[in-house]
Each structure stands twice: as structure tokens, then as C-alpha cells.
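One structure is given here, and the rest of the page talks about it.
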Amino acid sequence: AIDPEFEQNRETVDEHEGHDVWGPVEEPEQLGIHGTHVAVDFDICIADGACLEDCPVDVFEWVDSPDHPESEIKADPTHEAQCIDCMLCVDVCPVDAIDVDAG
Ligand code: SF4
Ligand code: F3S
Ligand code: ZN
């Protein structure tokens with residue numbers, strides 16, 4: 001599962017589509033965590049898609065992750081600023097790849 005303390009345990013190494021990327025990143029095998037308020041551990045995501053289907057405000061978009069061992073696409077929290085903290089995505093992800101900091 002995603003580390004809920006990732007902000008303490010990791011460092012930002014990049015920016016992507018307006019959100020932070022928390023390392024370590026070593027492409028293509030290791031992609032880190034994308035987003036902060038809505039955080040997706042790309043190294044855990046298996047592209048189940050439930051988060052994209054269920055998010056009421058369309059926070060997520062697919063991004064390609066060729067040659068990643070878990071899946072060739074990932075759910076990117078492109079619109080994390082729109083999140084209304086409903087926690088649906090956290091509940092439906094089968095591999096617990098998502099952390100939402102509802103404060
Ligand atoms: Fe979307 Fe709700 Fe997840 Fe926020 S907590 S990203 S609104 S499903
Ligand atoms: Fe990935 Fe979980 Fe969404 S596996 S696509 S973050 S439901
Ligand atoms: Zn991203």
C-alpha cells in the first residue's frame with residue numbers, strides 16, 4: 001500500500017502536469033508517487049481503473065508508463081485541485097495505491 005507518511009519519507013524530484021512527483025524515480029521500472037493532496041503510488045497502481053470510473057469530479061487521467069512491471073498505464077491525479085475529499089478512490093482501489101489527505 002501507499003505510504004501515508006510519504007511527505008516525510010520521500011522528496012519531490014520532479015513536477016508533472018502541475019503536481020509534484022515524489023521519488024525515488026528510476027524510469028521505466030520505478031516511477032514514484034504522483035500528486036500530494038491526491039497521491040497515487042505509480043509503483044503500486046495496476047491500472048484497475050476504478051478510481052477513474054468512480055471519482056465524481058474526474059480528478060484522474062490515464063498516462064502511459066511503458067515497461068513498468070505493474071502496468072503500462074497509470075491513473076494520474078491531473079486535477080487533484082478539484083478533489084472534494086469523498087474518499088471513494090481510496091476505498092475502491094484494489095491495491096491501495098491512493099492516499100487522499102483530507103486533513
Ligand atoms: Fe475523486 Fe473523491 Fe478521490 Fe478526491 S477523494 S480524487 S473527489 S474520488
Ligand atoms: Fe490504479 Fe488503483 Fe486507480 S490500481 S488505476 S490507482 S483504482
Ligand atoms: Zn503525474
Side-chain angles (χ1 to χ4, degrees):
I2 187 170
D3 175 11
E5 305 294 319
F6 72 90
E7 286 176 79
Q8 279 79 53
N9 296 333
R10 294 177 179 233
E11 287 177 10
T12 56
V13 294
D14 202 356
E15 229 183 65
H16 178 241
E17 301 286 337
H19 53 257
D20 284 328
V21 179
W22 301 80
V25 170
E26 184 120 18
E27 293 181 3
E29 295 90 2
Q30 199 171 21
L31 300 175
I33 291 175
H34 281 232
T36 301
H37 181 78
V38 180
V40 180
D41 193 325
F42 274 22
D43 295 309
I44 296 175
C45 175
I46 57 170
D48 175 84
C51 58
L52 274 95
E53 284 168 29
D54 289 0
C55 178
V57 291
D58 296 331
V59 161
F60 304 98
E61 286 183 11
W62 291 122
V63 294
D64 292 330
S65 55
D67 298 324
H68 188 271
E70 298 298 338
S71 59
E72 303 267 311
I73 52 173
K74 304 293 178 184
D76 197 32
T78 313
H79 308 290
E80 69 172 354
Q82 296 176 10
C83 176
I84 57 170
D85 298 342
C86 73
M87 305 309 267
L88 258 179
C89 58
V90 172
D91 291 342
V92 296
C93 178
V95 289
D96 291 328
I98 308 175
D99 181 69
V100 173
D101 181 12

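Remember, it's 1-based here, ligands and their atoms both numbered in the order they're listed.
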Can you tell me the protein heavy atom closest to [atom] and the distance?
| atom | answer |
| --- | --- |
| atom 7 (S) of ligand 1 | Ile84 N, 3.4 Å |
| atom 3 (Fe) of ligand 2 | Cys51 SG, 2.3 Å |
| atom 5 (S) of ligand 1 | Met87 N, 3.1 Å |
| atom 2 (Fe) of ligand 2 | Cys93 SG, 2.3 Å |
| atom 4 (S) of ligand 2 | Ile46 N, 3.3 Å |
| atom 3 (Fe) of ligand 1 | Cys89 SG, 2.3 Å |
| atom 5 (S) of ligand 2 | Gly49 N, 3.2 Å |

Close-contact set for ligand 2 against [X] heavy atoms, below 4.0 Å:
| X | value |
| --- | --- |
| Val95 | 4 (S) |
| Ala47 | 1 (Fe), 4 (S), 5 (S) |
| Ala75 | 3 (Fe), 5 (S) |
| Trp62 | 5 (S) |
| Cys45 | 1 (Fe), 4 (S), 5 (S), 6 (S) |
| Ala50 | 7 (S) |

Would a 4.5 Å heavy-atom cut-off, applied to side chains only, mark [X] and [Y] as touching?
| X | Y | value |
| --- | --- | --- |
| Val63 | Ser65 | no |
| Asp41 | Phe6 | no |
| Glu70 | Asp43 | no |

Self-check item: ligand 2 contacted by Ile98 (non-hydrogen, < 4.0 Å)
Solution: yes

Using a 4.0 Å cut-off to any heavy atom of [X], which atoms of ligand 1 qualify?
| X | result |
| --- | --- |
| Phe60 | 6 (S) |
| Val57 | 7 (S) |
| Cys83 | 4 (Fe), 5 (S), 6 (S), 7 (S) |
| Cys55 | 1 (Fe), 6 (S), 7 (S), 8 (S) |

Exercise. Would you check if there is a donor-acceptor pair between the side chains of Lys74 and His34 at a distance under 3.5 Å?
Key: no

Quiz item: Do Val57 and Leu88 belong together in a cluster built from hydrophobic side chains that touch within less than 4.5 Å?
Solution: no

Quiz item: So does Cys86 have any N/O/S atom less than 2.8 Å away from atom 2 (Fe) of ligand 1?
Solution: yes

